[in-house]
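The structure under discussion appears below in the form of structure tokens.
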Amino acid sequence: MRFKALLLVALLVASCTLQRELTPEEDALLNRPSTTAAPVPTTSTTSTSTTTTTTIPPTTTTTLVPEDGLTAAERVLAPLHTIGGDISPKSVVASQTGVFVAQNMMYRHTITVYDRDFDLIATIDDRVTPSEYGHEEFDVELQGSPVEAAFGFGGTKAYISNYKMYGGGLSTAASDGCNQGNWPDSFVYRVDTGTLEIDQLIRVGSVPKFLAVTPDDSKLLVANWCGFDVSVVALPKGDEIARVPVGRHPRGIAVTPDSKTAYVAVMGSTRIAVLDLETLEVSFLEGIGRSPRHLVISPDGSTLYASLNGEGRLAKIDLATGEVLAKVATGNAPRSMDISDDGTALYVVNYNSNTLSVVRTGDMTEIAEHPTNFRPIGITYDAPTRQVWVANYSGTIQVFEALSP
């Protein structure tokens, strides 16, 4: 018992200081203190001061004006609902058409699917036999470990990355501390949101994490954590057409509205890769900050936002110049984030603080911080309902709604 207590303390310290994500094994020990979910928060606190390190004049990224005239940054988040069950969600993603998928990684080996009434409409097992999907070299049942998701084709298809596959000779795949090497490939599952079944398997690189579909639905981009590269997949056929080296431990991906350029967070560095999707040539935004993890882009494509895992801050980047305009600290260990449809608000989960922050993009001010359940790790914004869904590794999904003040 004394050894286990010391190990837990060491992991807590490491999670705050290391410039990497926790391994699945560390998360399994550190993040699940009990099988009982934390109580639903009923209060929130509002920040009255900025923690930006650089002050700039407000900029405008608004592209949509709601009927009541309020921007997302002018609204107030309030707790609405909590979803429990046999889940341990690494991420949750909204289709914007009423379907939400949560990836329960290797702890539950499932993808759970919900509707806007917060009802569970499907639990999709991650066991597959690749030969049934055209991969004849794997005529054996494999089990996956869903990590992240991205929707394409008007929300009719969901693409799910699998951290690693188990069985059939793939059980030796690397984990978060990997160096580049001859690691086994993994797969992306495609789920049809009409049938709620896996209907395609796409072979990609080793330990795929984040993925994105280009707005024109022509390509799927997958960040291969242990391959130090990005898989470029032609859609809808699902053929991998290239693996483009970008650097140590790629993760977050954001694509410009014109589908011509992708930005990839190279988490083992201080830079962001710029991938030309027509030529597949790579350049870099340098000196962004330590360990960039998650990226989102403004609706007009002019501004990029990055969470900096090694600094505990968010960065705002002018894509015309590559300049970091401002940084802001939110809670402890800001991880995933999403942006409102009008571009005025960022919603960020703070993994070690158990909080959700709202950041006004104009001046990069944290304007509110809300308590969450234990270990918030994933987040998505559903524009039609103005709801923010938060995936907590400890076993819940919380839903907040944006209301008039």
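The structure presented is a predicted model; accordingly, all values stated were derived computationally and were not measured. By convention here, the first residue in the shown sequence is residue 1.
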Check: Would you call the rings of Trp225 and His249 parallel, tilted or perpendicular, where under 30° means parallel and over 60° means perpendicular?
Finding: parallel
Next item on the list: Please check if any side-chain donor atom of Asn350 sits under 3.5 Å from a side-chain acceptor atom of Thr355, or the reverse.
Entry: yes
Next item on the list: For Pro299 and Gly343, work out which heavy atoms get closest and say how close.
Entry: CD-CA, 3.7 Å
Margin query: Has Asp276 got a side-chain atom pairing as donor or acceptor with Thr279's backbone, closer than 3.5 angstrom?
Written below: yes
Notebook entry, point to check: So how far is it from Ser88 OG to Arg375 CZ, rounded to the nearest 0.5 Å?
Noted result: 12.5 Å
Margin query: Looking at every non-hydrogen atom in both residues, tell me the closest pair between Asn224 and Val230 and how far apart they are.
Written below: ND2-C, 4.1 Å
Check: Are Asp239 and Arg203 ion-paired here, with the side-chain N under 4.0 Å from a carboxylate O?
Finding: no
Next item on the list: Kindly indicate whether the side chain of Asn354, heavy atoms from C-beta on, has any atom under 4.5 Å from the side chain of Pro376.
Entry: yes
Notebook entry, point to check: Would Arg108 and Asp126 pass as an ion pair if we require N to O under 4.0 Å?
Noted result: no
Next item on the list: Give the minimum heavy-atom separation between Ile397 and Ala102, together with the two atoms involved.
Entry: CD1-CB, 3.7 Å
Check: Between Asp342 and Ser340, is a side chain to side chain donor-acceptor pair (under 3.5 Å) present by the stated rule, with each step listed?
Finding: CA-CA 5 Å; Asp342 66 3; Ser340 61; 2.7 Å; yes
Margin query: Working note: Tyr159 + Ile202, criterion side chain to side chain contact (heavy atoms under 4.5 Å, CB included); need CA distance, chi angles, decisive distance, verdict.
Written below: CA-CA 9 Å; Tyr159 295 87; Ile202 301 169; 4.0 Å; yes
Notebook entry, point to check: Given the rule in the side chain to side chain contact (heavy atoms under 4.5 Å, CB included) test, do Val244 and Val282 qualify, once you have shown the distances and angles that lead to the verdict?
Noted result: CA-CA 8 Å; Val244 183; Val282 178; 3.4 Å; yes
Next item on the list: Report yes if the side chains of Met337 and Tyr347 come closer than 4.5 Å at any heavy-atom pair, otherwise no.
Entry: no
Check: Which distance, rounded to the nearest 0.5 Å, do you find between the CG of Leu201 and the OH of Tyr189?
Finding: 6.0 Å
Check: Would you say the side chain of Tyr133 lies within less than 4.5 Å of the side chain of Ile198, judging by non-hydrogen atoms?
Finding: yes
Notebook entry, point to check: Quick one: CG on Leu403 to CG on Leu77, what's the gap to the nearest 0.5 Å?
Noted result: 8.0 Å
Margin query: Tell me whether the rings of Tyr393 and Tyr351 are parallel (<30°), tilted (30 to 60°) or perpendicular (>60°).
Written below: perpendicular
Margin query: With a 3.5 Å distance limit and no angle check, can you tell me whether Ser91 reaches the backbone of Gly378 through a side-chain donor-acceptor pair?
Written below: no
Next item on the list: Go through the side-chain N and O atoms of Glu141 and Thr129 and say whether any donor and acceptor fall under 3.5 Å apart.
Entry: no
Item checked: Close side-chain approach of Val113 to Ile124, heavy-atom, < 4.5 Å -> yes
Margin query: Using a 3.5 Å distance criterion without hydrogens, assess whether the side chain of Ser353 forms a donor-acceptor pair with backbone atoms of Asn332.
Written below: yes
Can you list, pair by pair, the side-chain donor-acceptor contacts under 3.5 Å of residues 94-101, counting residues two or more places apart and other chains?
residue, atom, partner, partner atom, Å
Ser95, OG, Thr97, N, 3.0
Ser95, OG, Thr97, OG1, 2.8
Ser95, OG, Gly98, N, 3.4
Ser95, OG, Val99, N, 3.1
Ser95, OG, Val99, O, 3.1
Gln96, OE1, Ala383, N, 2.9
Gln96, NE2, Tyr381, O, 2.7

Item checked: Over all atoms of both residues, closest heavy-atom pair of Ala158 and Phe151 -> CB-CE2, 3.6 Å
Check: Got a second to check how far Thr330's OG1 is from Leu314's CG, nearest 0.5 Å?
Finding: 5.0 Å
Next item on the list: Compare all side-chain heavy atoms of Ile377 with those of Lys90 and state whether any distance is below 4.5 angstrom.
Entry: yes
Check: Hey, is Lys327 close enough to Glu311 for a salt bridge, meaning N to O under 4.0 Å?
Finding: yes
Notebook entry, point to check: Got a second to check how far Leu221's CG is from Leu277's CG, nearest 0.5 Å?
Noted result: 5.5 Å
Check: Tell me, do Pro215 and Val255 make a side-chain contact under 4.5 Å, heavy atoms counted?
Finding: yes
Notebook entry, point to check: Any donor and acceptor pair, going by atom type alone, linking the side chain of Ser206 with main-chain N or O of Gly227 inside 3.5 Å?
Noted result: yes
Note to self: Quick check against the 3.5 Å criterion: does Thr270 have a side-chain atom that pairs as donor or acceptor with the backbone of Ser291?
What the structure shows: no
Next item on the list: Output, in order, the C-alpha distance, side-chain angles, deciding distance and verdict of side chain to side chain contact (heavy atoms under 4.5 Å, CB included) for Ile121 and Leu196.
Entry: CA-CA 9 Å; Ile121 57 176; Leu196 298 177; 4.0 Å; yes
Check: Any chance CZ of Arg248 has more than 12 other-residue heavy atoms, nucleotides or ligands included, within less than 6.0 Å?
Finding: yes
Margin query: Applying salt bridge (Lys or Arg N to Asp or Glu O under 4.0 Å) to Arg116 and Asp382, what does each step give before you reach the verdict?
Written below: CA-CA 9 Å; Arg116 285 186 175 137; Asp382 185 42; 2.9 Å; yes
Check: Under 3.5 Å, is there a donor-acceptor pair between the Glu136 and Ser131 side chains?
Finding: no
Item checked: Pair Ser394, Asn392: side-chain N/O donor-acceptor within cut-off below 3.5 Å -> no
Margin query: Do Val92 and Tyr114 make a side-chain contact, defined as non-hydrogen atoms from C-beta onward lying under 4.5 Å apart?
Written below: no
Checklist line | Residues Asp192, Lys157: salt bridge by 4.0 Å N-O rule | finding: yes
Margin query: Rounded to the nearest 0.5 Å, what separates atom CZ in Arg335 from atom CG in Asn352?
Written below: 6.5 Å
Check: Does Glu148 come within less than 4.0 Å of Arg251, counting only side-chain N to carboxylate O?
Finding: yes
Notebook entry, point to check: Going through the checks in order, is the salt bridge (Lys or Arg N to Asp or Glu O under 4.0 Å) test met by Arg243 and Asp185?
Noted result: CA-CA 12 Å; Arg243 288 187 190 174; Asp185 289 346; 3.1 Å; yes
Note to self: The test is salt bridge (Lys or Arg N to Asp or Glu O under 4.0 Å); show your working for Arg75 and Glu401 and say whether it passes.
What the structure shows: CA-CA 9 Å; Arg75 297 181 181 278; Glu401 60 180 340; over 6 Å; no
Next item on the list: Grab the two heavy atoms, one from Val213 and one from Gly152, that are nearest each other, plus how far apart they are.
Entry: CG1-CA, 4.1 Å
Notebook entry, point to check: Do Thr110 and Asp125 have side-chain N/O donor and acceptor atoms under 3.5 Å apart?
Noted result: no
Next item on the list: Compare all side-chain heavy atoms of Ile160 with those of Val191 and state whether any distance is below 4.5 angstrom.
Entry: yes
Item checked: Any donor-acceptor pair under 3.5 Å from Asn104 side chain to His109 backbone -> no
Next item on the list: Would you check, one step at a time, whether the test side chain to side chain contact (heavy atoms under 4.5 Å, CB included) holds for Asp318 with Ser302?
Entry: CA-CA 7 Å; Asp318 184 343; Ser302 67; 5.8 Å; no
Check: Can you list the steps and then say if Phe118 with Trp389 is a ring-ring contact (aromatic ring centres under 6.0 Å, His included)?
Finding: CA-CA 10 Å; Phe118 318 122; Trp389 290 48; 5.8 Å; yes
Check: Can His294 and Tyr305 be said to form a ring-ring contact (aromatic ring centres under 6.0 Å, His included), step by step?
Finding: CA-CA 8 Å; His294 195 96; Tyr305 302 93; over 10 Å; no
Notebook entry, point to check: Which pair of non-hydrogen atoms, one from Lys164 and one from Ser175, has the smallest distance, and what is that distance?
Noted result: NZ-CB, 4.4 Å
